[in-house]
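Here the structure comes first, spelled out in structure tokens, and everything after it is commentary.
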Amino acid sequence: MTLSEKYKQVRERSEQICKPLKTEDYVVQPIVDVSPPKWHLGHTTWFFETFVLKPNLEGYRDFDPNYNFVFNSYYETIGARVIRTDRGNLSRPTVEDVHKYRAHVDNAMHALFEKKLSRAIKEIITLGLNHEEQHQELLSTDIKYILGHNPLFPAYSDKVPKRKAANTGFINEFITLSDGIYEIGHEGDDFCFDNELTRHRVYLQPFRIARQLVTNEEYLEFMNDGGYREHKFWHAEGLDWTKNNHITAPLYWHNIDGAWQNYTLLGLKPVDMSAALCHISFYEAAAYAAWKGMRLATEFEWEAAALKLDWGKRWEWTDSAYLPYPGFKKAEGAIGEYNGKFMVNQMVLRGASEVTPPGHSRITYRNFFHPYLRWQYTGIRLAQ
């Protein structure tokens with residue numbers, strides 16, 4: 001697939017994700033961590049306009065100079081921007097305007113593709129495509145949060161593929177890895193984010209890790225055993241979080257008439273007990289592991305074992321703080337703000353999820369979030 005074809009594919013997928021939405025859905029921002037779908041569509045377009053077209057396409061004209069202020073996310077180098085909490089106040093530009101903006105930039109990008117592009121330009125375009133794929137996952141999770149916090153619990157679509165029935169007789173086996181030196185990090189010439197570099201060696205003690213993720217049924221046992229109330233399983237900060245926010249179950253779980261219901265993209269449904277647990281915080285993941293007399297794997301253990309694991313259904317919390325690898329270097333200019341500036345007070349997640357774009361996941365991919373967040377498709381894999 002050519003870079004031009006890949007560009008077209010990625011851009012179309014973002015709009016397909018939004019296709020089931022009503023106009024009113026595009027502007028809602030229930031919490032600071034959730035951005036309105038309209039903003040995602042505009043921001044990913046702004047990325048190509050700012051980092052690709054303006055520096056490299058002679059005669060390119062901004063669609064609207066104000067959009068640099070509206071759709072910049074966190075790039076201090078680029079200038080002032082709308083405060084993150086105010087994205088939901090952007091009734092203008094309209095959804096129609098944003099789609100016109102996307103078309104304007106896409107047309108200019110197609111003109112750029114007709115020229116001979118340097119390796120540096122191709123690398124920025126490739127970064128932009130992976131950036132938009134990241135936002136496609138965020139877009140999917142943000143849409144679920146928006147609709148899942150509507151009192152009517154509306155379905156995102158009635159055409160969402162239903163999950164295949166699980167093998168209810170399976171046993172979650174553990175595999176053992178011996179102690180030794182393991183290679184960690186990306187290698188090769190294909191794309192990776194800067195936080196996956198540089199490849200380096202780590203020494204690991206012998207450990208065991210579960211092949212499968214924890215299921216809803218297994219987590220319900222923790223809940224029924226008073227897991228949310230028993231302080232000895234929790235980090236102090238996590239226990240405070242449960243009390244201050246009245247947390248007693250995973251996100252989207254609702255006890256209705258004595259039965260657990262779960263908001264899904266198909267609407268409110270009975271909790272599928274055989275499905276992999278989803279939408280929990282690091283605090284909950286660590287507490288559950290402690291209740292089981294185990295722990296979460298480090299990100300290095302996870303990567304060392306990944307080829308033997310069933311992964312890709314959920315992002316998996318690890319017990320590793322998000323920190324730079326040895327030899328990590330920030331790029332020059334605004335692109336250097338992409339990952340390095342967030343390497344503090346966050347935990348690493350590994351794997352992928354059911355809303356990760358096809359082909360976007362890999363064993364060395366490092367996702368990262370604050371430990372209290374759970375609107376992403378996050379789950380638990382046990383280790384000891």
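Between E301 and R295 the shortest side-chain heavy-atom distance falls below 4.5 Å.
Using cut-offs of 30° and 60° for the angle between ring planes, the H110 and Y7 rings count as perpendicular. Relative ring orientation between Y338 and F47 is described as perpendicular, the plane-to-plane angle rising above 60° on a 0-90° scale split at 30° and 60°.
Y322 is not connected to L197 by any chain of hydrophobic side-chain contacts under 4.5 Å among Ile, Leu, Val, Met, Phe, Trp and Tyr, and they are in different clusters.
Taking the ring centre of Y74 as origin, the terminal cationic atom of K341 falls outside the region bounded by 6.0 Å and 45° from the ring axis.
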task: Report the C-alpha separation of K100 and E96 in whole Å, then their side-chain angles, then the decisive distance to 0.1 Å, and conclude whether the salt bridge (charged side-chain N to carboxylate O under 4.0 Å, His left out) test is met.
output: CA-CA 6 Å; K100 288 179 179 177; E96 182 181 10; 3.8 Å; yes

task: Determine, step by step, whether D142 and W375 satisfy the side-chain hydrogen bond (donor to acceptor under 3.5 Å, both in side chains) criterion, reporting the C-alpha distance in whole Å, the side-chain angles of both residues, the deciding distance to 0.1 Å, and the verdict.
output: CA-CA 8 Å; D142 288 0; W375 95 112; 2.6 Å; yes

- request: Walk me through it: do F51 and W46 pass the test ring-ring contact (aromatic ring centres under 6.0 Å, His included)?
  value: CA-CA 8 Å; F51 296 114; W46 168 88; 5.7 Å; yes

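Ion pair R366/E303 not flagged as a salt bridge, since none of the NZ, NE, NH1 or NH2 atoms sits closer than 4.0 Å to an Asp/Glu carboxylate oxygen.
In this structure, CG in D194 is found 12.0 Å from NE2 in H186, a value given to the nearest 0.5 Å. For the atom pair OG1 (T94) and NE2 (H99), the distance works out to 9.5 Å, reported to the nearest 0.5 Å.
Within a 6.0 Å radius of NZ in K54, other residues, nucleotides and ligands contribute more than 12 heavy atoms.
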